[in-house]
Student: 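Below are the C-alpha cells for one structure; questions will follow.
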Amino acid sequence: MRQINPDVCAAYPITPSTQVMEQFSEYVADGLVDTELIATESEHSAMSACIGAAAAGGRVMTATSSQGLALMWEMLYIAAGMRFPITLACVNRALSAPINIHGDHSDSMGARDSGWIQIYAENAQEAYDNQIQAVRIAEHMDVRLPVMSCMDGFITSHAIDSLELLDDKTVRDFVGEYKAINPLLDVEHPVTYGALDLQDYFMEHKRAQAEAMKNSRKIVIDIAKEYKKISGRGYEYFEEYYMDDAEIAIVILSSAAGTVKTVVEAMRAKGEKVGLLRPRIFRPFPYNELSDALSNVKAVAVMDRADSTGAEGGPLYMEFKSALYNRKKQPLMINKIFGLGGRDLMLPDIEMVYRELRDIKNSGKIRALSEYITVRGEEAAYGKA
Amino acid sequence: MVKLKDLIQKEPIMEGGHRMCLGCGAPIIVNLILRASDAPVVLANATGCLEVASTIFPYTAWRSPWIHSAFENAAATASGIETMYRALRKRGKINKKINFVAFGGDGGTYDIGFQSLSGALERGHRFLYVCYDNGAYMNTGVQRSSATPFGASTTTSPAGVVIQGKLQKRKDLTKIVVAHNIPYVAQASPHNWLDLAKKAEKAFSVDGPSFLNVVSPCPPGWKSEAKDTIGLSKIAVDTCFWPLYEVENGKYTINYKPKEKLPIEAWLKPQGRFRHLFKPENAELLKQIQQDIDKEWESLQKLSGL
Ligand SMILES: Cc1ncc(C[n+]2csc(CCOP(=O)(O)OP(=O)(O)O)c2C)c(N)n1
Ligand code: SF4
Ligand SMILES: [Mg+2]
C-alpha cells in the first residue's frame, strides 16, 4: 500500500487486519506517503467513505477482516454496483458466533455474491503481488469493479516470511496514474450517482455489471502477464501442482495449499499419483479452465475453510460441482470442511484425505459427500475407514 | 451578507419537475441553502423522500454533482468526498473552492445515520450536514422516528383506544450535535428564508463541520394542507416548538423571539396526526406537551444568556 500511495484510505481496526492500517498510518505520519487517511468510526462508514472518495475521483484502498467485512456488507454491494475500482485487503478471519480471531474464509466467502473480484493468496509474497495487480485489474476500463485481495489471518498476515519487494518506482510505474471517470469533483460536469433505478432500467445496469465481471476474466490474466515482466513471478487463475498425471487431487485455497504441497511431495516420492489444484481467482470463477484441469482426475476432494450451512457442502465445493455438471468426464467428488476458526490442518490429516480418495478411485464408492474433518466426534467415521 | 435579490437570481440547484409532493418542505429548504453557497457544491444524500423523488433514472433534478449510496451514511460518504478533495488538492490536481453538503431526513440523521454523522463531525471534515426534519420516516409510509413529536400518530405509533400516539419525547439532536464542539450548529425554518440563508452562509464560511437542523412540513405525514406548509413552519417557531437559534463555537444565540409565544395547540390543531390529542380525555397530554415546550424554551434562553 505504501508503494501504491493511494489518494485516500478509509479504515477501521480489527484483528488481524489492524496492522495493515497501523503500519500504513505510520507511513502517513512519517511522510513516506501523501495519502489522506480517514480513521472512521466503523467499517460501514469506512466503506461509505471509500465510496464517496472513489466517486469524487481518485484511488482508494482499505483493509478489513471478519466482523468488519460483515458490517460493510451493505456497502460492498453498493461499491460494486456503482462500479468503483476500490481495492480491499481482506485478512480472512472467522465470523462470529462463537467469536474467534483466527483465520477461515467465512468472511470473504459470504461476500462472494457482492460483485467484488476475489483473489486468494497462498503466502505473503503472493498477497503482496496480488495487491499490486488488484489495483490494475480494478481500474481497467473494461472492468471498473472493486477487488478483494484475500490472505489467511495470522497464518499469512502475521507469519515471518521472506518477501521480495519491488522497488517503489517499479510499483508506481506499474499501477500508473489513476483515471477518474465522471468524478464528482468535476463541478463543471455535474453527474448524479445512485439514482433510483426501477423496473425499466435496473436489469440493464445489473447486466452491464455482470458483463464487466466477465470481462475481468481476460484482464486478470493480462495483468498477471504484465506483472511477471516486472517481478519474474507468474500467476494464473489457479496453481497446478503435480496435476499433469494426477489420478486423485485436492482442491484447496490459500495458505493450507502450502501444507498440502508437502504431502504431495512425500506421496509422489512413493509413486502415488496425487495432485493439488489451488484456485487463486475465485470471482470471476474460471469454471472452464478449472473443469479442464480436473478432466483426467478420477477422484477429487474439494476442501473448504468455510461452510455454507444447510447446503450440500462448502462454497468452493459447490462451485466445482456446478462447473463440472455439463462435463462428460466428471471425477468423483467429495468435500471436507476444515480449519474453521484457525484450526490447524496437519500433514496426517491431508494424507488421510488422499487415502480416502484412493479408496474412492478404486471402489467407485463415496462414504460421505461432505463432512467436517479434524473435529471432535469424527473419530467414529475415520475409525471404520 | 445574503440578499434576496442575489438569491433569486441564482439558478436553483435542485430543479423543478421532481416527484416530491405538493407542499413538501424539503425542496424549499434545499434550494435556499444551496443558493447561499459562495462556491460550487458537491452533494451527498441519504435514502429518503428527497433522494427517491429527485432522481428516478434516467432523470435527475440535480444541477450539481450528487451522490446517494445508502440510508445511514450520508455523512460518511460526504467525508470521503471531502477527503478526496483534500488529497487531490495536495497533489495539485484541483484548486478551486468547493463546498460539500450532505442531506438526510430525520430518520437518516437522528436514527440510523446518527453514528455516521457523529463520526464525521468528530473527524472535523469541512462540510455542511443538513437534516430536513419532517418528524417521521415519510418515504416508507410515515413510521415513527426519534424525531417524531410526543403524541403524534404514525403508522408505527398509531393513536388507538388505549395508546394515544407516540409515547416518547423527541430526541434533541441539535443539542447533541452542539456537544460535538463543531464550529457552527443552527436550527432553522423554511418560512424565515433570510434567517435560513444567513445560517447557510455562515455554515459555508467555517473551516470545519457545520450542521443545520431545519423543520420540514410534510402534508401527507402531518395530515396537513399543502398550502399551509410555510404557515405551519412559522407557527412551529412562534409556539417555540422549533426555536430558531444558532451555536457558534459554543456560543448560543436565539435568532428570533416571538413577541407573543403562541399556545402549542395553534401548531397541533391543523395537523391530523395530533387530532386525537384534542379529545377531552387527552387534555392532560396537551398540558404536558405545553409544559415540556415551556421548559425547553426557558432552558434555551438560559443557554443564550437571557
Ligand atoms: C438500511 C436500511 N434500512 C431501511 C431502509 C428503508 N428506508 C428507506 S428511506 C426510510 C425512511 C426515511 O426517513 P427519513 O430519513 O426521515 O426521510 P424522509 O423519507 O422522511 O424524507 C427507510 C426506513 C433502507 N433504505 N435502508
Ligand atoms: S411524503 Fe412528505 S417528505 Fe415525502 S415528498 Fe411528500 S411531503 Fe415531502
Ligand atoms: Mg423524515
Side-chain angles (χ1 to χ4, degrees), chain A residues 5-10 12 34-60 62 74-75 77-79 81-82 84 86 177-178 180 182-202 204-205, chain B residues 13 19 39-45 47 51-91 93-94 96-100 102 113 115-123 125:
Chain A
N5 192 20
D7 298 301
V8 171
C9 274
Y12 189 83
D34 54 3
T35 302
E36 288 289 337
L37 205 61
I38 319 179
T40 55
E41 83 300 331
S42 74
E43 286 87 353
H44 192 284
S45 284
M47 187 46 67
S48 299
C50 284
I51 286 169
R59 186 173 283 148
V60 181
T62 186
E74 182 192 28
M75 303 318 298
Y77 281 78
I78 293 174
M82 288 182 150
F84 292 133
I86 299 164
E177 275 284 300
Y178 181 80
N182 299 322
L184 284 176
L185 294 177
D186 181 0
V187 288
E188 267 88 51
H189 302 95
V191 283
T192 287
Y193 275 97
L196 178 66
D197 209 21
L198 297 175
Q199 297 93 321
D200 46 355
Y201 288 98
F202 186 84
E204 283 70 23
H205 291 140
Chain B
I13 284 175
R19 323 274 179 97
V41 289
V42 173
L43 314 169
N45 206 151
T47 311
E51 165 264 325
V52 163
S54 65
T55 61
I56 301 174
F57 192 88
Y59 305 104
T60 179
W62 302 95
R63 288 189 181 276
S64 287
W66 181 96
I67 184 170
H68 154 257
S69 70
F71 185 20
E72 64 279 53
N73 66 352
T77 307
S79 79
I81 302 169
E82 188 265 350
T83 307
M84 183 57 79
Y85 170 79
R86 276 187 286 117
L88 298 183
R89 200 175 163 122
K90 189 164 66 182
R91 291 178 175 182
K93 292 184 179 168
I94 195 163
K96 66 164 59 128
K97 188 189 179 201
I98 296 177
N99 287 331
F100 304 94
Q115 171 183 321
S116 163
L117 171 68
S118 178
L121 297 178
E122 184 273 335
R123 292 194 297 274
H125 300 279

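Chain letters run A, B, ... following the sequence lines, proteins first and then strands; every chain starts at 1. Only a predicted model underlies this, so the values are computations on that prediction, with no experimental measurement involved.
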Student: Sort B:Val42 into side chain, backbone, both or neither according to what part of it lies under 4.5 angstrom from a heavy atom of chain A.
Tutor: side chain
Student: Below 4.5 Å from any heavy atom of chain A, which atoms of B:Glu122 appear? Answer side chain, backbone, both or neither.
Tutor: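 Neither part; nothing is under 4.5 Å.
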Student: Roughly how far apart are A:Leu198 CG and B:Ile56 CD1, rounded to 0.5 Å?
Tutor: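 Answer rounded to 0.5 Å: 6.0 Å.
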Student: Hey, what do you get for NE2 (A:His44) to CD (B:Gln115), rounding to the nearest 0.5 Å?
Tutor: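 Answer for the NE2-CD pair, A:His44 versus B:Gln115, is 9.5 Å.
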Student: Ignoring hydrogens and angles, state whether a donor on the side chain of A:Glu41 or B:Ser118 is under 3.5 Å from an acceptor on the partner side chain.
Tutor: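 Their side chains do not contain a donor-acceptor pair, so the 3.5 Å distance test is not met.
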Student: With only heavy atoms counted, which part of B:Ser64 is less than 4.5 Å from chain A, the side chain, the backbone, both or neither?
Tutor: backbone
Student: Below 4.5 Å from any heavy atom of chain B, which atoms of A:His189 appear? Answer side chain, backbone, both or neither.
Tutor: neither
Student: Test of understanding: with salt bridge (Lys or Arg N to Asp or Glu O under 4.0 Å), list the residues that count as partners of A:Asp186, not counting sequence neighbours.
Tutor: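 None.
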Student: With respect to A:Asp34, which candidate in B:Arg86, B:Arg91, B:Lys93 satisfies the salt bridge (charged side-chain N to carboxylate O under 4.0 Å, His left out) definition?
Tutor: B:Arg91
Student: Could you have a look at A:Ala56, A:Gly81, A:Ser48 and say which one has the most heavy-atom pairs with chain B under 4.5 angstrom?
Tutor: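 Most pairs with chain B among the choices: A:Ser48.
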Student: Between CE of B:Met84 and CG of A:Asp7, what distance do you get to the nearest 0.5 Å?
Tutor: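 So the CE of B:Met84 and the CG of A:Asp7 are separated by 4.5 Å.
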Student: A:Ala79 versus chain B, heavy atoms under 4.5 Å apart: side chain, backbone, both or neither?
Tutor: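 Neither part, no heavy atoms under 4.5 Å.
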Student: Working to the nearest 0.5 Å, report the span between OH of A:Tyr193 and CD1 of B:Ile81.
Tutor: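 Between A:Tyr193 OH and B:Ile81 CD1, I get 10.5 Å after rounding to 0.5 Å.
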Student: Give, as side chain, backbone, both or neither, the part of A:Met47 having an atom under 4.5 angstrom from any heavy atom of chain B.
Tutor: neither
Student: Side chain from CB out, backbone as N, CA, C, O: work out which of these in B:Glu82 comes under 4.5 Å of a heavy atom of chain A, or both, or neither.
Tutor: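 Contact with chain A is absent: no heavy atom of B:Glu82 under 4.5 Å.
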Student: Test side-chain contact (heavy atoms from CB on, under 4.5 Å) on A:Val187 and B:Lys96; report intermediate values, then the result.
Tutor: CA-CA 10 Å; A:Val187 288; B:Lys96 66 164 59 128; 3.8 Å; yes
Student: For B:Arg123, which atoms come within 4.5 Å of any heavy atom of chain A: side chain, backbone, both, or neither?
Tutor: side chain
Student: Quick check for you: among A:Ile51, A:Ile78, A:Leu185, which has the greatest number of heavy-atom pairs under 4.5 Å with chain B?
Tutor: A:Leu185
